[in-house]
Each structure stands twice: as structure tokens, then as C-alpha cells.
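Right, one structure below, let's go through it.
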Amino acid sequence: MSKQSVSTQNLENQDLIALLDVYLNEFIHRDNLLWSQVFKFFYASIIVMLLPNISDFLSINLPPFPVLLFRVLGLIMSVVFLYLALGYGKRLEASTSTYKMLIEKLKPNYQRIKLRNLKFGRFFEIRTSYVVILFMFLSIIVIDIIFIIYGI
């Protein structure tokens, strides 16, 4: 199976701009999908992990499952959350790379200013989505481990 690529050498600037609009819409869709899924996964993991505590607070009767079961399920869900969220992040990164590649095909006066060319811009080139996803995942893991150790 050969890798196929689209030749953009013969495209005019207005054609490239139209193609950029298509990829921008894909980027917006993937970005919205990433964050909506990440927060759903995060909240679902937290709720499962804290369900015994929440049920006591809200006076909801749960079946007599051990509290440790909920903690372990929350831990498993958070690992699945990490895998799925990083997958969504990679898809967003692929859209971004394609968009940047098309921008570089434009004439220089039509290109946007690169972040690394701005003062302190290179410090902000890291993919924020990965940092936030990892922080959310680690926070679930740490809270879950503390609950398991102290039997909360």
C-alpha cells in the first residue's frame, strides 16, 4: 500500500485558501470533539470512583458492592480515558499538521506569523491538549490511589 499525497504545487492562492477553510472546519470539529470527550471521560471516571461517597451524601441506596470495586473501576476507566483522549489528541495533531503544511504553500505575505517568531512564543508551542489530558489523568490516578490507601 503506497502513501498517497495531494499535489498542491499547481494550486493558486485562492484555491489554497479554500482548501485551508475545509481543513480549518475539520480542525474545529476535532477540537470540539476532543474537549467534549475528554471532559465526559474525566467526569465519568470521577463519578464512578466517588459513587459510594456520593450515594451516602445523596441518600441513594447502592447494591452492597465493596467500595474498593468502585475505586478499581475508576482506575480502569481513567486508563481507558487516557488512551482514548490521546487518540483524539493525535487526530487533532494530524489536522493541525496538514493545516500548517498548506499554510506554508501560500505566498509569504499570505502566511500567518509563526508562534516561534514571537517573543517567548517557543514556550507555548507545546500541545496544550496533551498537557491538560495528562494532568487530568494523573489527578484521577492520585486521588484514586489516596482513596484506596486510606480506605476512604
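What you see below is based on every heavy atom in this structure, not just the backbone, and it leaves out hydrogens, waters and symmetry mates. Throughout, numbering of the chain's residues begins at 1 and tracks the sequence.
Ring pair Phe65/Phe70 is perpendicular by interplanar angle, where above 60° counts as perpendicular and below 30° as parallel.
At a threshold of 4.5 Å between side-chain heavy atoms, the hydrophobic network of Ile, Leu, Val, Met, Phe, Trp and Tyr places Tyr43 and Met49 in one connected group. Following chains of ILVMFWY side-chain contacts shorter than 4.5 Å, one can reach Phe42 starting from Ile146, so the two form part of one hydrophobic cluster. Side-chain heavy atoms closer than 4.5 Å link hydrophobic residues (I, L, V, M, F, W, Y) into clusters, and following such links, possibly through other members, connects Val142 to Val80. Ile76 and Ile133 are assigned to two separate hydrophobic clusters, defined by single-linkage of ILVMFWY side chains at heavy-atom distances under 4.5 Å. One hydrophobic cluster holds both Phe81 and Tyr83 under the rule that ILVMFWY side chains link at heavy-atom gaps under 4.5 Å.
Side-chain contact between Val38 and Tyr88 is absent, with no heavy atoms from C-beta onward closer than 4.5 Å. Within the 4.5 Å cutoff, no side-chain heavy atoms of Ser45 are placed close to those of Phe137. The side-chain heavy atoms of Ser78 and Ile141, taken from C-beta on, include a pair separated by under 4.5 Å. A 4.5 Å side-chain heavy-atom check between Asp15 and Leu19 finds every atom pair outside the cut-off. Between Leu34 and Ser129 the shortest side-chain heavy-atom distance falls below 4.5 Å. Between Phe147 and Val67, every side-chain heavy-atom pair lies at or beyond the 4.5 Å cut-off. Leu134 has its side chain within reach of Leu82: a pair of non-hydrogen atoms, C-beta onward, lies under 4.5 Å apart.
Salt bridge status for Lys100 with Glu104: absent, with no side-chain N to carboxylate O gap under 4.0 Å.
Because its NZ or CZ atom is not both nearer than 6.0 Å to the ring centre of Phe27 and within 45° of the ring axis, Arg30 does not count as a cation-pi partner of that residue.
Leu51 contributes atom CG, which lies 9.5 Å from atom CZ of Arg71 (distance to the nearest 0.5 angstrom). Annotation: the span from Ser59 atom OG to Ile54 atom CD1 amounts to 13.0 Å, rounded to 0.5 Å. For the atom pair CG (Leu75) and CD1 (Ile140), the distance works out to 9.5 Å, reported to the nearest 0.5 Å. One finds the CD1 atom of Ile17 at 11.5 Å from the CG atom of Leu102 (value rounded to the nearest 0.5 Å). Remark: Ile149 CD1 to Asp144 CG distance equals 10.0 Å, nearest 0.5 Å.
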Between Tyr99 and Glu26, does the side-chain hydrogen bond (donor to acceptor under 3.5 Å, both in side chains) criterion hold? Intermediate values first, please. CA-CA 10 Å; Tyr99 191 76; Glu26 180 189 359; over 6 Å; no
Set out, in order, the CA-CA distance, both residues' side-chain angles and the distance that settles side-chain contact (heavy atoms from CB on, under 4.5 Å) for Met136 and Phe39, then state yes or no. CA-CA 9 Å; Met136 292 170 80; Phe39 283 107; 3.8 Å; yes
